[in-house]
Novice: 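Quick one: this structure, given as structure tokens, is what I'll be asking you about.
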Amino acid sequence: MSSIFVQVKGVSGVQKMLRPWLEPELDKQLDAATKKSAQFLAKQLRSELRPISKHMARAVRVKRARRDKPAWVVGSRRKTPPGAFWWHMVIGGTKDHGPRKAAALVFVPGWNPYLGASSHGVGNGWVRASRVRGVKPNPLVKRVADRYGAQAYDILGQALLKA
């Protein structure tokens, strides 16, 4: 039969032993660990997005959460280059739509002033349409989170154990 004997002398000994797991130090460790985990998920998301859209893959970013800190958010850069302002339309899809008051939509296919594409578009022709077919949702972020979430938690746990 074996026994374990723990002797703690005074409150200062307990505080010294638990210091790495108290507020300021623990928050710093959690912040660093969650950042590593978020960076891993962002890397996986970029590799999944690249075949669909290089612009969307380049727009993936990791930033500090505004609330519920310490936390990091994996999302997109919509406006600043290399932005993907259509990110939400690909992830969430779009509905069929058309003009409210005009008889038809008129646009140049392939022309996008935000991406620096040619102002002539593809084929140099104008397209007239009374309705535009919607796009089905492509929830890539959810699929990546589902596929790599366990590995991200492992990275988080390993980072906390190293600290």
Novice: Identify the two heavy atoms, one from Val62 and one from Ala42, that lie closest to each other, and give their separation to 0.1 Å.
Specialist: CG2-CB, 3.5 Å
Novice: Give me the atom names and distance for the closest heavy-atom approach of Ala104 to Pro99.
Specialist: C-CG, 3.8 Å
Novice: Do any N or O atoms from the side chain of His97 and from the backbone of Lys95 form a donor-acceptor pair under 3.5 angstrom?
Specialist: yes
Novice: Take a 6.0 Å sphere around CG of Asp96 and say whether it holds more than 12 heavy atoms from other residues, nucleotides or ligands.
Specialist: yes
Novice: I need the Thr94 OG1 to Met89 CE distance, nearest 0.5 Å.
Specialist: 8.0 Å
Novice: Within this structure, what is the CZ-NZ distance for the pair Arg58 and Lys54, rounded to the nearest 0.5 Å?
Specialist: 7.0 Å
Novice: Rounded to the nearest 0.5 Å, what separation is found between the CG atom of Leu140 and the CH2 atom of Trp87?
Specialist: 8.0 Å
Novice: Return the CE to CG distance between Met56 and Asn138, rounded to the nearest 0.5 Å.
Specialist: 7.5 Å
Novice: Of the non-hydrogen atoms in Ala159 and Lys36, which two are nearest, and what is the gap between them?
Specialist: CB-CD, 4.2 Å
Novice: Give a yes or no answer on whether the side chain of Arg64 reaches the backbone of Ala71 with a donor-acceptor pair at less than 3.5 Å.
Specialist: no
Novice: Would you say that Trp72 contacts Asp31 through its side chain, given a criterion of any heavy-atom pair below 4.5 Å between the two side chains?
Specialist: yes
Novice: Can you list the residues that meet the salt bridge (charged side-chain N to carboxylate O under 4.0 Å, His left out) rule with Asp154, with sequence neighbours excluded?
Specialist: none
Novice: Measuring only between side-chain heavy atoms, which start at C-beta, is Leu30 closer than 4.5 Å to Leu160?
Specialist: yes
Novice: I'd like to know if Lys142 and Asp146 make a salt bridge, using a cut-off of under 4.0 Å between side-chain N and carboxylate O.
Specialist: yes
Novice: If you measure from CG on Leu161 to CD on Gln29, what distance do you get to the nearest 0.5 Å?
Specialist: 10.0 Å
Novice: Please check this pair: side chain of Arg128 against backbone of Val106, looking for a donor-acceptor N/O pair closer than 3.5 Å.
Specialist: no
Novice: Can Val144 be reached from Ile52 by stepping across I, L, V, M, F, W or Y side chains whose heavy atoms are under 4.5 Å apart?
Specialist: yes
Novice: Looking at Ala38 and Val74, what are the two nearest heavy atoms and their distance?
Specialist: O-CG2, 3.4 Å
Novice: Just to verify, what does Gln44 make a side chain to side chain donor-acceptor pair (under 3.5 Å) with, not counting sequence neighbours?
Specialist: none
Novice: If you measure from CD on Glu48 to CG on Leu41, what distance do you get to the nearest 0.5 Å?
Specialist: 11.5 Å
Novice: Whether the side chain of Ser37 engages the backbone of Ala152 through a donor-acceptor N/O pair (distance < 3.5 Å, no angle test) should be reported.
Specialist: yes
Novice: Identify the heavy atoms of Pro137 and Ile91 that sit nearest to each other, and give their distance.
Specialist: CB-O, 3.6 Å
